[in-house]
There are 2 protein chains.
Amino acid sequence: MSELESVIRQLEALDHRITPSRVAVIAAVLAQSGHFSVETIVHQARGVGRATVFRTMRLLTELDIVCRVLLEDASLHYRVSRRGHHHHLVCVSCGNVQDLDECAVSDLVRELAAATEYEIEGHWLEFYGRCAACRSSVALTT
Amino acid sequence: MSELESVIRQLEALDHRITPSRVAVIAAVLAQSGHFSVETIVHQARGVGRATVFRTMRLLTELDIVCRVLLEDASLHYRVSRRGHHHHLVCVSCGNVQDLDECAVSDLVRELAAATEYEIEGHWLEFYGRCAACRSSVALTT
DNA sequence: GTCTCACTGATACCAGGTCTCATAACCATG
DNA sequence: CATGGTTATGAGACCTGGTATCAGTGAGAC
């Protein structure tokens, strides 16, 4: 079963209609290799309205088929998701994204909850740096 | 020495001109109690142009006089800064912000750097929850 | 005083995203 | 297969947050 079919079945299972627009958006999303902006999908899923692309992206986010990637300038990108809660390490030079397997702050969330009496509901955690490849290419050119 | 004077001296010391517009923006910023959007300052520093407010906010950020607060929807707010690198715990109900003294992920950054061969340059970390006061008021009304 | 350059504000612009609304497609049911 | 209710669509207006442009100004060094 292709990835596309698999996603379509998930939608069906949750009583979402399978329409040509949705399929086009999902196919475009699955074709991306790294992280991407909604605008990229708007351009690549030609013929699908802007609003529909945004609506479909929201749907895919809710279903955990894509996840949001927060860039350093606070702009939102997306990325086909490995399931479950995790964080990213983004190369600011080539854009490569490393998924970090565990949520590194779950212990911290517990400590904070105890220390502050907040009920902690969520967090943002993203790391930025330069991957090994980009570091060595910089070293070569300087 | 008032806070305003102190900030003005910092600007002077770094060869930035002290202008009425800047003073108005800084005064408006210092008058905020929690976190605030640039738009708030645009409205409160009446007579100062939009662009100038944004420029001044950038300047204040660079000088570490304010810090950026990332909200859950990825929108940027600002807050008068305690100095140095730190993170926030934001109450999603009343907007109250708790500053977290230490950077909780500095150890993690080191581990990640070793494990991934990335040179890690930065990160976002913000927590969201409900403060004790908001939790109890919810408890009362439900 | 005057000269120069950083600074200013009006305004146009751009990006990212939502709202509206008439229309169309879907599909369960009689 | 006709019908009807719901869900989805796309065009486009709109909104928010932020930048670029550029002629004009005023701060402060001399």
Side-chain angles (χ1 to χ4, degrees), chain A residues 7-29 32 35-63 65-79 95 124, chain B residues 5 7-29 32 35-63 65-79 124:
Chain A
V7 171
I8 288 173
R9 296 219 183 148
Q10 279 182 256
L11 291 196
E12 274 174 342
L14 292 160
D15 289 329
H16 296 289
R17 292 192 184 155
I18 307 308
T19 66
S21 296
R22 280 183 176 167
V23 173
V25 170
I26 295 167
V29 164
Q32 306 303 311
H35 58 88
F36 51 90
S37 64
V38 180
E39 225 56 38
T40 303
I41 305 300
V42 169
H43 289 126
Q44 292 186 14
R46 221 158 297 192
V48 180
R50 218 175 135 60
T52 299
V53 174
F54 275 94
R55 284 186 284 242
T56 307
M57 289 309 297
R58 195 190 315 151
L59 184 59
L60 295 178
T61 307
E62 282 161 8
L63 300 186
I65 288 161
V66 298
C67 58
R68 302 191 294 175
V69 178
L70 181 70
L71 301 193
E72 224 171 353
D73 63 354
S75 68
L76 276 180
H77 273 211
Y78 289 83
R79 170 173 171 80
W124 272 115
Chain B
E5 282 164 9
V7 170
I8 287 174
R9 296 220 183 148
Q10 280 182 256
L11 291 196
E12 275 175 341
L14 292 160
D15 289 329
H16 296 288
R17 292 191 183 159
I18 307 310
T19 65
S21 296
R22 281 185 175 166
V23 172
V25 169
I26 295 168
V29 163
Q32 306 304 312
H35 60 86
F36 51 89
S37 64
V38 179
E39 225 56 39
T40 304
I41 305 300
V42 169
H43 289 125
Q44 292 187 14
R46 221 158 296 192
V48 179
R50 213 176 138 60
T52 299
V53 173
F54 276 95
R55 284 187 283 240
T56 307
M57 289 310 296
R58 194 190 317 151
L59 184 58
L60 294 178
T61 307
E62 283 162 9
L63 300 187
I65 288 160
V66 298
C67 58
R68 302 192 293 176
V69 178
L70 182 70
L71 299 194
E72 225 170 352
D73 64 354
S75 66
L76 277 179
H77 274 211
Y78 289 83
R79 169 172 172 79
W124 273 115

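Computed from heavy atoms alone, side chains included, the values below leave out hydrogens, waters and symmetry copies. A, B, ... follow the sequence lines: proteins, then strands. Residue 1 opens every chain.
- For A:T52, counting side-chain heavy atoms from C-beta on, the closest listed nucleotide (D:dT9, C:dG17, C:dA10) is D:dT9.
- The distance between atom CD1 of A:I18 and atom C1' of C:dA25, rounded to the nearest whole Å, is 13 Å.
- With C:dC5, C:dC19, C:dA10 as the choices, the nucleotide that has an atom nearest any side-chain atom of B:A51 turns out to be C:dA10.
- Contact between the side-chain N/O atoms of B:S37 and the OP1/OP2 oxygens of D:dG17 is not found at any separation under 4.0 Å.
- The distance between atom CZ of A:R46 and atom P of D:dG10, rounded to the nearest whole Å, is 15 Å.
- In the interface, the side chain of A:R55 is paired with the base of D:dG10 through a donor and an acceptor atom under 3.5 Å apart.
- In this structure, A:R17 and A:R22 approach most closely via the heavy-atom pair O-NH1, 2.9 Å.
- The listed nucleotides are D:dA8, C:dG9, D:dG28; the one nearest the side chain of B:V48 is C:dG9.
- Minimum heavy-atom separation, A:A45 to A:A24: CB-O, 4.1 Å.
- A distance-only check finds a donor-acceptor pair linking the side chain of A:H35 to the backbone of A:G95 [under 3.5 Å].
- With DNA chain D read from its 5' end, the first of the two nearest nucleotides for B:E39 and A:D15 is the one closest to A:D15.
- Rounded to whole Å, the distance from CZ on B:F54 to P on D:dG17 is 8 Å.
- Within 4.0 Å of B:R50, counting heavy atoms only, lies at least one base atom of the nucleic acid.
- Judged by distance alone, the side chain of B:T61 and the main-chain N or O of B:M57 form a donor-acceptor pair under 3.5 Å.
- In this structure, the CZ atom of A:R17 is 14 Å from the P atom of D:dG10, given to the nearest Å.
- In terms of heavy atoms, A:V23 sits closest to A:I8 at CG2-CD1, 4.1 Å.
- Considering only side-chain atoms of A:R58, the nucleotide from C:dT8, C:dT18, D:dT19 that sits closest is C:dT18.
- Rounding to whole angstrom units, CD of residue B:E12 and P of C:dC7 are separated by 13 Å.
- The CE atom of A:M57 sits 19 Å away from the P atom of C:dA15 (whole-angstrom rounding).
- Considering only side-chain atoms of B:P20, the nucleotide from D:dT7, D:dA27, C:dG9 that sits closest is D:dA27.
- Listed by residue number, the members of residues 67-79 of chain A with any heavy atom below 4.0 angstrom from DNA chain D form an empty set.
- The NE2 atom of B:H16 sits 7 Å away from the P atom of C:dC7 (whole-angstrom rounding).
- Here D:dG17 presents its P atom at 10 Å from NE2 of B:H43, a figure rounded to the nearest Å.
- Listed candidates were C:dC7, D:dG10, D:dG18. Nearest to the side chain of A:S21 is D:dG10.
- Of all the heavy atoms in A:S21 and A:T52, the pair that sits closest is CB-CG2, 4.0 Å.
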